Number of protein chains: 2
Amino acid sequence: MNSVRKVPDIVIGRLPIYLRALQVMAAEGREVTSSQELGERLGISPAQIRKDLSYFGNFGKQGMGYRIPDLIHRLKQILKVDRTWDMILIGAGNLGHALAQYQGFTPRGFRLVAIFDNDPEKIGRPIGLHTIRDVGEVPNFVREHGIQIAMIAVPASAAQQVADLCVEAGIRAILSYAPIHLKIPPGVLVQYIDPAIHLQQMTYYMNHGT
Amino acid sequence: MNSVRKVPDIVIGRLPIYLRALQVMAAEGREVTSSQELGERLGISPAQIRKDLSYFGNFGKQGMGYRIPDLIHRLKQILKVDRTWDMILIGAGNLGHALAQYQGFTPRGFRLVAIFDNDPEKIGRPIGLHTIRDVGEVPNFVREHGIQIAMIAVPASAAQQVADLCVEAGIRAILSYAPIHLKIPPGVLVQYIDPAIHLQQMTYYMNHGT
DNA sequence: ACGTGTGAATTAGTTCACAGCT
DNA sequence: AGCTGTGAACTAATTCACACGT
């Protein structure tokens, strides 16, 4: 066990992937797995998985493997998704609508609680179970409800300004869909999703001729 | 210069990020930059940027830095996005609609040319400039048009089946939004987008108490 | 003087291989 | 026998630091 030493970011990055795979196994009715099996499913070496988990404790049994429900429970604790995190969404365009309807957040520990936009045409309109609010209400809303996570789905041209607003309001973590790198003060976490980045990584390896 | 040696994947992963930042700079009317400046914008060390670029050639001038339009041009060549790649999309739900309307593909080297779904209610309906086609037409369409890239935006329960169909049809690269790890034969590239994974990485570092 | 390109040094991450528990 | 947990060995990635061209 290694509960004191700093855990590398790259290890933290893999834990949600393990969790997701384990939840699939659990849904298949499986009770037990091994680092071998999990590794095969994910294309990761068994040693890597064991080493990663060993940063947090001894979750397996020699000769037996890992009890899936237990490991899911431990990973949820580690990632702090054994509870539900409220999130806001800024940007009610096409992507914002898709995120507003997405059913995948709740089972993974997240809940969208409000949606904001700056377009007067959109403000007041319903979107899923929500009503689009004025982006100017973000600071009050965040403070009143103690929101820590924001998703940004606005055009690149507005993203920095929206991010600044979020940070100012006290948001601690941002998931941005805007295709720009945000300037964010230390202490605030940011992650990016940009499909073109992934596509461009793949085209490097492709032959266009054929 | 190092044009022979195998370039690490992790380097390839950063090139699209450099390209994106350079395109922002170009839009700002900038002509020249340095590894220092680019690094500051992206939170990457200047040495890292120089080393990454040096895998592909000597793009800068000592004492001068990099000419932005030239470097953009070279990166586009390297990533093979100095041309346009046709893509298909499978899944015309909320996310599929957002992807169908997304204006960000074209300027980055990609074009969505057809959208498929398996829901008879949806097939034939318009979506953006397209009409939703029957997913059964994927193989013929891919072969006739020589499509190499597919985006998958279907529920997790259908994703593996859809991926198999794509691979069978000759697709060489898949961008999947389904929250499962796909079993894909070697030689076919896959990338995943799953917002919950990013969110769970951030919650690890957050204090929920406060 | 400035800033690249790059070997060398350093740091980080992965895999090996095996002791030890079930 | 099976499979974890983990130091040790190895491999990969990053940063250093400086020669060299502008």
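Below, read A as the first sequence line, B as the second, and so on, with proteins coming before strands; counting in each chain starts at 1. Remember, predicted model here, so these are calculated numbers, not experimental data.
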**OP:** Kindly point out which of C:dG20, C:dT4, D:dT15 is positioned nearest to the side chain of A:Gln62?
**Re:** C:dG20
Subject >> Presence of salt bridge, B:Arg108 and A:Asp194, under 4.0 angstrom >> reply: yes
Original post:
If you check the A:Arg50 side chain, which of D:dT6, D:dA13, C:dG5 turns out closest?
Top reply: D:dT6
Original post:
Which of the following nucleotides, D:dT15, C:dT4, C:dT14, is nearest to the side chain of A:Arg14?
Top reply: C:dT14
**OP:** Give a yes/no on whether any side-chain N or O of A:Ser35 is located under 4.0 angstrom from OP1 or OP2 of D:dT4.
**Re:** yes
Original post:
Quick one: is D:dC3 close enough that its OP1 or OP2 comes under 4.0 Å of any side-chain N or O from A:Ser34?
Top reply: no
Original post:
Do the two ring centres, one from A:Phe141 and one from A:Phe116, sit under 6.0 Å apart?
Top reply: yes
Original post:
Mapping A:Asp52 and A:Gly63 onto DNA chain C by nearest heavy atom, which one lands closer to the 5' end?
Top reply: A:Asp52
Original post:
Phosphate oxygens OP1/OP2 of C:dG5: is one of them under 4.0 Å from a side-chain N or O of B:Tyr66?
Top reply: yes
Original post:
Should B:Glu137 and B:Glu144 be marked as a side chain to side chain contact (heavy atoms under 4.5 Å, CB included) after you check the CA-CA gap, both sets of side-chain angles, and the distance that decides it?
Top reply: CA-CA 11 Å; B:Glu137 295 170 23; B:Glu144 272 169 34; over 6 Å; no
Subject >> Selection from D:dT6, C:dG5, D:dA13 that lies nearest to any side-chain heavy atom of B:Pro8 >> reply: D:dA13
**OP:** Report which part of the nucleic acid A:Leu53 touches: base, sugar-phosphate, or nothing (heavy-atom distance under 4.0 Å, all strands).
**Re:** nothing
Original post:
Under 4.0 angstrom, heavy atoms only, what part of the nucleic acid is B:Pro46 near: base, sugar-phosphate, or nothing?
Top reply: nothing
Original post:
B:Tyr66 ring centre to B:Lys61 NZ or CZ under 6.0 Å, with the angle to the axis within 45°?
Top reply: no
**OP:** Give a yes or no on whether a donor-acceptor pair under 3.5 Å exists between the nucleobase atoms of C:dG5, that is its base, and the side chain of B:Lys61.
**Re:** no
Original post:
The side chain of A:Gln48 lies closest to which of these nucleotides: C:dA8, C:dT22, C:dT14?
Top reply: C:dT14
